[in-house]
2 protein chains.
Amino acid sequence: MTSASQPAPARPTSRDVARAAGVSQATVSLVLGGKWRGRVSEATAERVRAATQDLGYRPNLAARSLRLGRTRTALLVVPALTNEFFARVYTGAAAVAAEHDFGVVLYPSPDGTGPARDPFASARAALDGVIASSMAADALDALRGADLPLVMLDSDPADTGVAARVNLDIADGMRQVTDHLLTLGHRRFLHLASAIDSWTFAVRAGAVRDTLRAVPGTSVRTVPAALDVRAGREATEHALAAPGPRPTAIICDDDILAAGACKAARRLGLRVPDDLSVTGFDDLALATAVEPELTTVQLPAEQVGERGMTALLSVLDGCPAEPGSLPVHLVVRGSSGPPPRS
Amino acid sequence: MTSASQPAPARPTSRDVARAAGVSQATVSLVLGGKWRGRVSEATAERVRAATQDLGYRPNLAARSLRLGRTRTALLVVPALTNEFFARVYTGAAAVAAEHDFGVVLYPSPDGTGPARDPFASARAALDGVIASSMAADALDALRGADLPLVMLDSDPADTGVAARVNLDIADGMRQVTDHLLTLGHRRFLHLASAIDSWTFAVRAGAVRDTLRAVPGTSVRTVPAALDVRAGREATEHALAAPGPRPTAIICDDDILAAGACKAARRLGLRVPDDLSVTGFDDLALATAVEPELTTVQLPAEQVGERGMTALLSVLDGCPAEPGSLPVHLVVRGSSGPPPRS
DNA sequence: AGCTCGAAGTTATACGTAAAACCTCAGGTG
DNA sequence: CACCTGAGGTTTTACGTATAACTTCGAGCT
């Protein structure tokens, strides 16, 4: 009666399954590994499967990894998970990974604060591959060093040492936004740009400039800001206070900045969109939470993650992943309208 | 000259380090494991450390896990990462984990869509422990089954089988919000509640009810809504259209719902806060992006993650973690004000 | 009959680490 | 001098899996 403690529940091993099925451990491994066509009879295989089910056996992944030298784990390097876009990218990547019995571990690259830790130290397991956002610039060199398959998200095609690439047609998105505003009649623009030095933002700036350059009589001023509402508001307030004719439309690199721009407008007594049009980018939840709702560009964030993981799996299987960029599309909402008559 | 391929870079093992240092593999393990006081001379230890550095040796975690039966990996179960609150919880947990050479792997519990997968299948590695949000109700039974140390975040103290608990003083937060509105003079309330059946929301509802019950002449109507802006707006529009005297303040379970409530007010031609006060909860980025900015309750999300991980580490070390709940505090912004005179 | 051959397994081994058990030897002790 | 002791190691083993190499046996062929 004084059997104080259970002698430990002890997860069953493949050897336990073998014993229960009356076969050797190797046979269990063959059956469960799927490589038994013609090596094990159907009857035996069935017995093994039954025993597996019966004992609730689950292979020890550490042992498997040790044996195979592969871990079925990928590292996702993103700037910050609190950015809804990257949370969605993770969600997509994790979904595809799960389907292929793969795991995803995160490395949110440190945003200046804290020690710039080694991405691979943070990833506890050894890794089979890496998916990285180009916004996580600080970690990129370390990633290049380890010779792991590297899938880049939304990155410069000129970058080298990349096994596959998943790009969004960001330039097209910015073109669509700019064309939309041009069609409405706007000619004087402010481009509220992210201060982050990353390819994806360089592309945005380029697209705005190139689109406007093709239209005579247009002007644009570019102002950088950190990626938060307050910074967006302050930069906008400052820019609108500048002398000379006021812009009639603000093109923002991000919905967060657009929210800031709207706040600035309100503080200055300008109505959006009557006095000033504002456009965002990303179509975050934020875009439909503010008033007026933001005209913005919707990005298939989950698809980016899905494709990234799919590409990585292809590369690991030896097939080079097919390229091609994902389309984005303009969503016109209340924050954009014709310029004021004056 | 035709040495076609590098014979594989082959990560160095502890045996390689041993060879380089002129000792046995066991000695390397002793030195690096830190258990060498009096087993290895300082000179030898130094040689080993030098060789480790030299070869860039990093222990194979799969092998270590296999040997030790522990993985230094925790599972964090949250409802969805796209919810900024949980992204911040993750950030906090991951930071503490990193300090202790621990890893965190995520299981965003499926929100109805997709197959309700086994949390442990998703966690690729074996786990040393689990930290779970009580909002991830669907996964809880499975978690209880595995006899892993379980740390619950913001959960019912009556729940059993929990090794430690990190709670926010949610009730106090709701009390503060309600008191704030009472002080401003409000008497007729609408409580826009999350439709999610979870302890944390039950507490919010209870706190509102109890606080108002103590004040004669007050009334409150509770309306449930799903956790997104549109649902919040629709529920609010519907509730405000009801016959009888209109509430002068809406207490929301979440900033997202509050944003929806504000939009509803605007659609109905009511000004916030002049005609209607609205309060949120969580202090997400959203709260300062909308106009007017939301009066809300700020929650130390990162701290929740940090404490959760700290508690788990304590439990794994044998010490029962100290309890105690984290304080929250009211942030008064523009969305609340005195009730209209009429 | 002697032979090969394929089906259906089994035995043995390696992956890299941690740690228990063992070994060696110089110096101190009765 | 025989004996113990402890410092400073080394040898060995086990963790659970996947797979290469081997065994066994009955059927089919010449």
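The chains referred to below are lettered A, B, ... by the order of the sequence lines, with proteins before strands, and numbering in each begins at 1.
At the heavy-atom level, A:Leu66 lies under 4.0 Å from base atoms of the strands shown. At a threshold of 4.0 angstrom between heavy atoms, the contacts of B:Thr13 are confined to the sugar-phosphate backbone, with no base atom among them. Base engagement by A:Thr27 is indicated by at least one non-hydrogen atom pair under 4.0 Å involving a base atom. Heavy atoms of A:Val23 sit under 4.0 angstrom from primed sugar atoms or phosphate atoms, though from no base atom. Within the 4.0 angstrom heavy-atom criterion, only backbone atoms of the sugar-phosphate kind lie near A:Thr44; the bases stay farther away.
As a whole-Å value, the separation of A:Leu68 CG from D:dA18 P is 6 Å. The separation between A:Leu32 atom CG and D:dT19 atom P is 12 Å, rounded to whole Å. Between A:Arg11 atom CZ and D:dC15 atom C1' there is a gap of 13 Å when expressed in whole angstrom units. Atom CZ of A:Arg39 and atom P of C:dT11 are 14 Å apart (whole Å). Look at CZ on A:Arg37: it is 16 Å from P on C:dG9, rounded to the nearest Å. One can place CG of B:Asp16 at 13 Å from C1' of C:dC15, the figure rounded to the nearest angstrom. Per the geometry, CH2 belonging to B:Trp36 stands 18 Å off C1' belonging to C:dA18, to the nearest Å. Atom C1' of nucleotide D:dG9 and atom CZ of B:Arg47 are separated by 11 Å, given to the nearest angstrom.
For C:dA18, the OP1/OP2 oxygens have a side-chain nitrogen or oxygen of B:Arg64 closer than 4.0 Å. Within the structure, every side-chain polar atom (N or O) of B:Ser65 is placed at least 4.0 Å from both OP1 and OP2 of D:dC15.
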- Stepwise side chain to side chain contact (heavy atoms under 4.5 Å, CB included) test for B:Asp16 and B:Tyr57: CA-CA 9 Å; B:Asp16 296 327; B:Tyr57 166 74; over 6 Å; no
- Message: For a side chain to side chain contact (heavy atoms under 4.5 Å, CB included) check, start with the C-alpha distance between A:Val96 and A:Leu313, then their side-chain angles and the critical distance, and finish with the verdict.
- Response: CA-CA 10 Å; A:Val96 170; A:Leu313 293 173; 4.2 Å; yes
- Task: Walk me through it: do B:Val48 and B:Trp36 pass the test side chain to side chain contact (heavy atoms under 4.5 Å, CB included)?
- Result: CA-CA 12 Å; B:Val48 168; B:Trp36 55 285; over 6 Å; no
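Along DNA chain C, the nucleotide nearest A:Val40 and the nucleotide nearest A:Arg15 are compared for position; the residue whose nucleotide lies closer to the 5' end is A:Val40. If you find the closest nucleotide of DNA chain D to A:Leu30 and to B:Gly22, the one lying nearer the 5' end belongs to B:Gly22. Nucleotides of DNA chain C nearest to B:Ala62 and A:Gln25 differ in position, and the one nearer the 5' end is that of A:Gln25.
Each of D:dG8, D:dT17, C:dT17 was ranked by its minimum atom distance to the side chain of A:Ser14; first place goes to D:dT17. For B:Ser24, the side-chain atoms get nearest to D:dT10 when compared with the rest of D:dG8, C:dT17, D:dT10.
In terms of modelled atom types and a separation under 3.5 Å, the side chain of A:Arg15 and the main chain of A:Gln25 share no donor-acceptor contact.
One finds no salt bridge joining B:Arg307 and B:Glu322 here, because no Lys/Arg side-chain nitrogen approaches an Asp/Glu carboxylate oxygen to under 4.0 Å.
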